[in-house]
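Every number for a ligand or one of its atoms is a count from 1 in the order of the listing.
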Amino acid sequence: MHTLVDEVDSAFSGDIRTTPGALPARLADLVGDRTVWHMNSTATGGGVAELLHRSIRLHNHHGLRARWLVLTGEPDFFAVTKRLHHRLHGSPDPVGELGPAERNVYETTARSQAKQLLGRVAPGDLCVLHDPQTLGLAPHLADLGLRVAWRCHIGTTLHAEATQETWRFLEPYLSAPVRCGFSVAGYAPPWMERERIVVLPPSIDPSAPKNLRLDGAEVQALLSAIGLQRAPASAGSPSTPDRAVARAAHVLQEQQLPPGAPVILQVSRWDPLKDMTGVLRTFADHVAPARPDAHLVLAGPEPADIPDDPEGAAIHGSVVDTWRLLPAPVRERVHLVNLSLKDAEANARVVNALQTRADVVLQKSLKEGFGLTVTEAMWKGKAIVASAVGGIPTQIRDGHEGLLVDDPRDLRTFGKAVLRLLRDDTLRERLGTAAHSRCAERFLVGHEFRGYCSLYGELLQ
Ligand code: UDP
């Protein structure tokens, strides 16, 4: 049972190479010795944790005293917040309406978590709350004299009934934050005052283990260490498997990935909106028959490692069931990777190796707030096929930095785009190079840090 707010440290050590320059002097004066708190609901798994690991270090590197809090709650709380997540995206909610019972669960957790911050936070401190899980604390923290911002990483669907109802549910807590940040401007509720809205696209850190450049031998060693790929016979003596890396993943496969085989990859949480089953079906029905040499790797976190995502185990289970029913010649070319999140660095290195190894990266999301997996693949210069949903088209323009598919449920078009890229080395190269440049220009952690600096300036006005 989790009841205490956790305080976590960034899991990474090592250099920070993407410095955005000195902290503006005026901001340094304004912030003074106030603490900048960030709060979300998980220290591992998913894009927000990924961002915070990097961002907290960058704050401290620049002399801001930043601390990361992780809200904890009972399963009934996370069941409600997962519904808020899907509903904000616009997905219908099979459980029904959000009524007084849900509000009671939501507010009880927010109240008890806020209580635990008494004596830890000081009036005048800044606090950025991330996503709906933490928004309920906003009025309590404002009462304690904090300057509060809320950052929503979830995409919304303007006219969807589910989105609108969810904004109504969240409205009582939305007046407390001085500013509200969204990955894309159009995600804000239509009634929110324009001057309170800040656009803050997420980012990646090129000096993080997930994004450092790996050479072919390193990729080979990492993928052999987790058992996904066998070392080529010509490789000489095999490199010593890194024990932490070997423990970082569990691979479900019938045969190892042959060196040199074309690889299609999707890395995602086991979430219905990431449509891992749809990726499997796309491969089985529309790619595998035309390309008997191609392999599919689906990688996601060990479901038990993400406490705020109660659906992971069920979705993972249904992907495994679908895989077991595939005809043997296709099943043998699909590799299901579960990544342990217990060792963040080992996890990051394996994700890096998978993304670097991939020939085509897929992101077949049905909805997507931003899609950091897309950003990570862009940085690695990969050819990407992705759904034109949520924040993805803000990163990739169709035919320029990747190929976009308008209807995320259209398996045939996804399959065609993958085949086109597998056939055309020049196109893959061109899209990958353009993707890397666009990522370097817009989506690095220094860009995001500058966004935070101007947000703090606004909170302190
Ligand atoms: N990720 C990971 N291990 C996994 C699956 C995902 O480290 O098994 C990371 C992935 O590399 C990315 C983040 O989790 O950095 C997912 O962020 P994204 O914005 O794509 O999706 P979200 O999970 O936030 O909806």
Side-chain angles (χ1 to χ4, degrees), residues 11-12 40-55 82 85-86 88-89 91 130-133 151-155 183-184 201-206 208-211 226 228 245 248-251 265-276 279 297-306 308-309 311-312 315-316 319 335-356 358 361-380 382 384 386-387 389-392 394-396 439 443 445 448:
F12 299 113
N40 78 323
S41 60
T42 180
T44 52
V48 181
E50 179 75 22
L51 289 174
L52 285 172
H53 276 292
R54 312 309 310 175
S55 196
K82 194 72 204 276
H85 172 271
H86 287 329
L88 270 185
H89 269 304
S91 308
H130 294 261
D131 279 341
Q133 294 94 326
R151 184 169 180 195
C152 179
H153 298 264
I154 301 173
S183 303
V184 174
S203 67
I204 59 145
D205 182 350
K210 190 171 284 180
N211 299 309
I226 64 166
L228 175 68
V245 170
H250 170 77
V251 183
L265 170 75
Q266 179 161 307
V267 178
S268 284
R269 286 179 299 109
W270 307 102
D271 180 302
L273 297 181
K274 306 292 183 181
D275 200 19
M276 295 287 240
V279 176
V297 178
L298 287 181
E302 184 57 49
D305 290 351
I306 309 196
D308 73 337
D309 191 354
E311 291 171 308
I315 299 292
H316 177 254
V319 172
H335 312 260
L336 303 179
V337 181
N338 268 12
L339 294 153
S340 163
L341 300 179
K342 295 202 170 78
D343 180 339
E345 186 141 354
N347 170 284
R349 290 172 67 208
V350 174
V351 172
N352 188 350
L354 291 170
Q355 289 170 331
T356 306
V361 170
L362 269 180
Q363 194 58 51
K364 198 191 162 301
S365 304
L366 304 179
K367 310 266 183 186
E368 189 60 76
F370 185 72
L372 272 184
T373 47
V374 171
T375 332
E376 290 157 4
M378 289 171 81
W379 177 248
K380 292 169 188 102
K382 292 295 154 179
I384 301 164
S387 318
V389 298
I392 294 176
T394 66
Q395 302 192 66
I396 290 180
C439 179
F443 303 123
V445 69
E448 189 184 15

Chemist: Hey, does Val48 come in under 3.5 Å of ligand 1, counting only N/O atoms on both sides?
Modeler: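 Val48 vs ligand 1: no N/O contact under 3.5 Å.
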Chemist: Identify, by atom number and element, the atoms of ligand 1 in contact range of Gly371, meaning under 4.0 Å from any of its heavy atoms.
Modeler: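 So the atoms of ligand 1 that pass are 19 (O), 20 (O).
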Chemist: Within the 3.5 Å criterion, strictly below it, is a donor on Lys380 or Asn211 matched to an acceptor on the partner's side chain?
Modeler: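 There is such a pair (donor and acceptor under 3.5 Å, judged by atom type) between the side chains of Lys380 and Asn211.
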Chemist: Just jot down the salt bridge (Lys or Arg N to Asp or Glu O under 4.0 Å) partners of Asp131, sequence neighbours excluded, or say none.
Modeler: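 None.
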Chemist: What is the closest protein heavy atom to atom 22 (P) of ligand 1, and at what distance does it sit?
Modeler: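 Going atom by atom, the protein heavy atom closest to atom 22 (P) of ligand 1 ends up being Lys274 NZ, 3.5 Å.
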Chemist: Could you pull out, from Gln266, His85, Glu376, Arg269, the option with a heavy atom nearest to atom 23 (O) of ligand 1?
Modeler: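 That would be Arg269.
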Chemist: Going by the angle between their ring planes, with limits at 30° and 60°, are His316 and Trp270 parallel, tilted or perpendicular?
Modeler: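 Taking Trp270 first and then His316, their aromatic rings stand perpendicular (interplane angle over 60°).
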Chemist: For ligand 1, which atoms, with element, lie under 4.0 Å from some heavy atom of Val267?
Modeler: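 Contacts of ligand 1 toward Val267, numbered from 1: 5 (C), 6 (C).
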Chemist: Any nitrogen or oxygen of Gly47 lying under 3.5 Å from a nitrogen or oxygen in ligand 1? Just yes or no.
Modeler: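 N/O-N/O distance below 3.5 Å exists for this pair.
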Chemist: Give the atom numbers and elements of ligand 1 that come within less than 4.0 Å of a heavy atom of Glu50.
Modeler: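 Counting atoms of ligand 1 from 1, those under 4.0 Å from Glu50 are 15 (O).
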Chemist: My understanding is that only one of Asp205, Leu372, Thr44, Thr373 makes a side chain to side chain contact (heavy atoms under 4.5 Å, CB included) with Glu50; could you say which?
Modeler: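 Among Asp205, Leu372, Thr44, Thr373, the one meeting side chain to side chain contact (heavy atoms under 4.5 Å, CB included) with Glu50 is Leu372.
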Chemist: In this structure, which one of Lys210, Lys382, Glu376 forms a side-chain hydrogen bond (donor to acceptor under 3.5 Å, both in side chains) with Gln355?
Modeler: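 When Lys210, Lys382, Glu376 are each tested with Gln355, the side-chain hydrogen bond (donor to acceptor under 3.5 Å, both in side chains) holds only for Glu376.
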Chemist: Under 3.5 Å, side chain of Gln395 to main-chain N/O of Phe370, donor-acceptor pair present?
Modeler: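 Yes: the side chain of Gln395 pairs with the backbone of Phe370.
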Chemist: Considering only heavy atoms, which of Gln355, Lys210, Gln363 lies nearest to atom 7 (O) of ligand 1?
Modeler: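 The nearest heavy atom belongs to Lys210.
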Chemist: Between Asn352 and Pro209 (side chain of the first, backbone of the second, donor and acceptor by atom type, cut-off under 3.5 Å), is there such a pair?
Modeler: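 Side chain of Asn352 to backbone of Pro209: a pair is present.
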Chemist: State whether the shortest distance between N or O atoms of Leu372 and N or O atoms of ligand 1 falls below 3.5 angstrom.
Modeler: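 Yes; the residue has a nitrogen or oxygen that sits under 3.5 Å from a nitrogen or oxygen of the ligand.
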Chemist: Would you please name every residue forming a side-chain hydrogen bond (donor to acceptor under 3.5 Å, both in side chains) with Asp309, sequence neighbours left out?
Modeler: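 For Asp309, the residues satisfying side-chain hydrogen bond (donor to acceptor under 3.5 Å, both in side chains) (neighbours in sequence not counted) are Lys82, Arg269.
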Chemist: Of all the atoms in ligand 1, which lie at a distance below 4.0 Å from a heavy atom belonging to Thr373?
Modeler: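 Matching atoms, with element in brackets: 10 (C), 12 (C), 20 (O).
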Chemist: Determine whether the side chain, the backbone, both or neither of Asn347 has a heavy atom under 4.0 Å from any heavy atom of ligand 1.
Modeler: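 Answer for Asn347: side chain.
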